[in-house]
J.: 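First the structure, then my questions, so here it is.
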Amino acid sequence: MNHVEIHTDGACKGNPGPGGWGVLMRSGEHVRELFGGELGTTNNRMELMAVIQAITALKRPCRVTLFLDSEYVRKGITEWIHGWKAKGWRTAAKQPVKNVDLWQHLDTLVVTSGHQIEWRWVKGHAGDPGNERADSLANRGVEQILGL
């Protein structure tokens, strides 16, 4: 299995507001950058979308080290999702899970893709080169959606 290092980030100008997502992927000598955005969105949706886009971009099962600065996404996919699914996509407080469409999409990708994913949290805006690049790409996604 190829090893791929992925850095993801989301950005939002206003929350909700126009947002973007960014992905930096590295495998050996190969580097790939992805970004995109949406007009009416939230930061958490863009964080989720970055991870979804990154995993979707992989063409065959890989060993993935995925770096993200969102504890919402990391804990959601590694801890909380099991309870949400068992409770019919409800939280412990019996409220509907926010962003359920994206959580279900991400869950399907993780379960069916064949990837071995290690989820690693990094502190955002703290000088980590991969995170800084993903943040820059996410901001490009915002600019693109705004036509700047």
Side-chain angles (χ1 to χ4, degrees), residues 1-27 30-126 128 130-142 144-145:
M1 269 189 160
N2 285 353
H3 178 256
V4 181
E5 184 177 287
I6 299 174
H7 297 264
T8 64
D9 201 14
C12 209
K13 306 304 178 193
N15 200 15
W21 54 267
V23 176
L24 171 65
M25 307 172 81
R26 285 194 186 106
S27 181
H30 302 284
V31 176
R32 186 171 179 197
E33 297 181 337
L34 308 169
F35 61 91
E38 296 177 16
L39 281 174
T41 192
T42 65
N43 190 65
N44 282 341
R45 287 188 69 81
M46 291 296 92
E47 295 281 359
L48 279 160
M49 187 59 75
V51 174
I52 288 168
Q53 293 294 333
I55 295 171
T56 300
L58 299 171
K59 302 301 181 207
R60 61 186 167 281
C62 299
R63 278 186 314 105
V64 177
T65 306
L66 199 149
F67 296 89
L68 65 170
D69 64 7
S70 171
E71 284 285 59
Y72 171 71
V73 175
R74 189 185 69 80
K75 286 186 175 180
I77 197 65
T78 62
E79 298 174 25
W80 306 333
I81 199 163
H82 310 294
W84 292 340
K85 287 164 67 173
K87 294 178 181 99
W89 294 98
R90 299 253 173 209
T91 66
K94 298 185 174 38
Q95 298 299 310
V97 172
K98 290 181 181 173
N99 305 309
V100 69
D101 58 327
L102 296 181
W103 283 116
Q104 289 173 336
H105 189 172
L106 180 56
D107 181 48
T108 299
L109 285 173
V110 169
V111 170
T112 63
S113 66
H115 303 306
Q116 298 171 3
I117 304 173
E118 179 185 351
W119 303 87
R120 288 200 193 165
W121 181 81
V122 296
K123 184 176 172 75
H125 309 286
D128 178 271
N131 180 258
E132 296 293 337
R133 184 63 190 151
D135 179 68
S136 175
L137 291 165
N139 281 295
R140 278 181 64 188
V142 175
Q144 179 184 55
I145 203 73

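As the structure is a prediction and not an experimental result, all values here were calculated from the model. The first residue in the sequence is number 1, and the count goes up from there. No hydrogens, no waters, no symmetry mates; every other heavy atom, side chains included, goes into these values.
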J.: Hey, could you give me the NE2/CD distance between His7 and Glu33, rounded to the nearest 0.5 Å?
T.: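 His7 NE2 to Glu33 CD: 11.5 Å, rounded to 0.5 Å.
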J.: To the nearest 0.5 angstrom, please state how far the CG atom of Leu48 sits from the OG atom of Ser70.
T.: 7.0 Å
J.: Determine, step by step, whether Thr108 and Trp103 satisfy the side chain to side chain contact (heavy atoms under 4.5 Å, CB included) criterion, reporting the C-alpha distance in whole Å, the side-chain angles of both residues, the deciding distance to 0.1 Å, and the verdict.
T.: CA-CA 9 Å; Thr108 299; Trp103 283 116; over 6 Å; no
J.: Test side chain to side chain contact (heavy atoms under 4.5 Å, CB included) on Met49 and Arg45 and set out the steps.
T.: CA-CA 6 Å; Met49 187 59 75; Arg45 287 188 69 81; 5.7 Å; no
J.: Treating Ser27 as the side-chain partner and His30 as the backbone partner, does any N or O pair qualify as donor plus acceptor under 3.5 Å?
T.: no
J.: With distance as the sole criterion, is a donor-acceptor pair present between the side chains of Asn139 and Lys13 under 3.5 Å?
T.: yes
J.: Is there a donor-acceptor pair closer than 3.5 Å between any side-chain N or O of Asn15 and the backbone N or O of Asn43?
T.: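 Checked: pair present.
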J.: Which heavy atom of Pro18 sits nearest a heavy atom of Ile145, and at what distance?
T.: CB-CG2, 4.4 Å
J.: Looking only at atom types and distance, does a side-chain atom of Asp128 sit under 3.5 Å from a main-chain N or O of Asn131, one as donor and one as acceptor?
T.: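 Indeed, once roles are kept as given, a pair shorter than 3.5 Å links the two residues.
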J.: Determine whether Trp119 and Val110 make a side-chain contact, defined as any pair of heavy atoms from C-beta on separated by less than 4.5 Å.
T.: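 They are in side-chain contact.
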J.: Any heavy-atom pair between the side chains of Val97 and Arg90 that's under 4.5 Å?
T.: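 SC-SC contact between Arg90 and Val97 ruled out.
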J.: Using 0.5 Å steps for rounding, measure from the CD atom of Glu132 to the CG atom of Leu24.
T.: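 The distance works out to 12.0 Å.
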J.: I need the Arg32 CZ to Arg26 CZ distance, nearest 0.5 Å.
T.: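 Result: 15.0 Å between the selected atoms.
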J.: Are Lys98 and Asn44 side-chain neighbours, meaning at least one heavy-atom pair lies under 4.5 Å?
T.: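 The answer is no; the side chains never approach within 4.5 Å.
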J.: Side-chain contact, heavy-atom cut-off 4.5 Å: Gln116 with Met1?
T.: yes
J.: If I take atom OH from residue Tyr72 and atom OG1 from residue Thr42, how far apart are they, to the nearest 0.5 angstrom?
T.: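 Taking OH in Tyr72 and OG1 in Thr42, the distance rounds to 7.0 Å.
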J.: Decide yes or no for Leu58 and Met25: does some side-chain heavy atom of the first lie under 4.5 Å from some side-chain heavy atom of the second?
T.: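 Yes; the side chains approach each other to less than 4.5 Å.
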J.: May I ask you to test the Ile117-Ile6 pair for a side-chain heavy-atom distance under 4.5 Å?
T.: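 No; the side chains remain at least 4.5 Å from each other.
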J.: Going by heavy atoms in the side chains, are Leu34 and Trp21 under 4.5 Å from each other?
T.: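 Yes, side chains in contact.
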J.: Out of curiosity, Asn99 CG to Leu106 CG, how far, rounded to the nearest 0.5 Å?
T.: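 Going from the CG atom of Asn99 to the CG atom of Leu106 covers 11.5 Å.
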J.: Please report the C-alpha distance between Leu102 and Glu47 in whole Å, then the side-chain angles of each, then the deciding distance to 0.1 Å, and finally whether the side chain to side chain contact (heavy atoms under 4.5 Å, CB included) criterion is met.
T.: CA-CA 10 Å; Leu102 296 181; Glu47 295 281 359; over 6 Å; no
J.: Would you indicate whether the side-chain heavy atoms of Cys62 and His3 approach each other to under 4.5 Å?
T.: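 Side chain of His3 against side chain of Cys62, heavy atoms only: no contact under 4.5 Å found.
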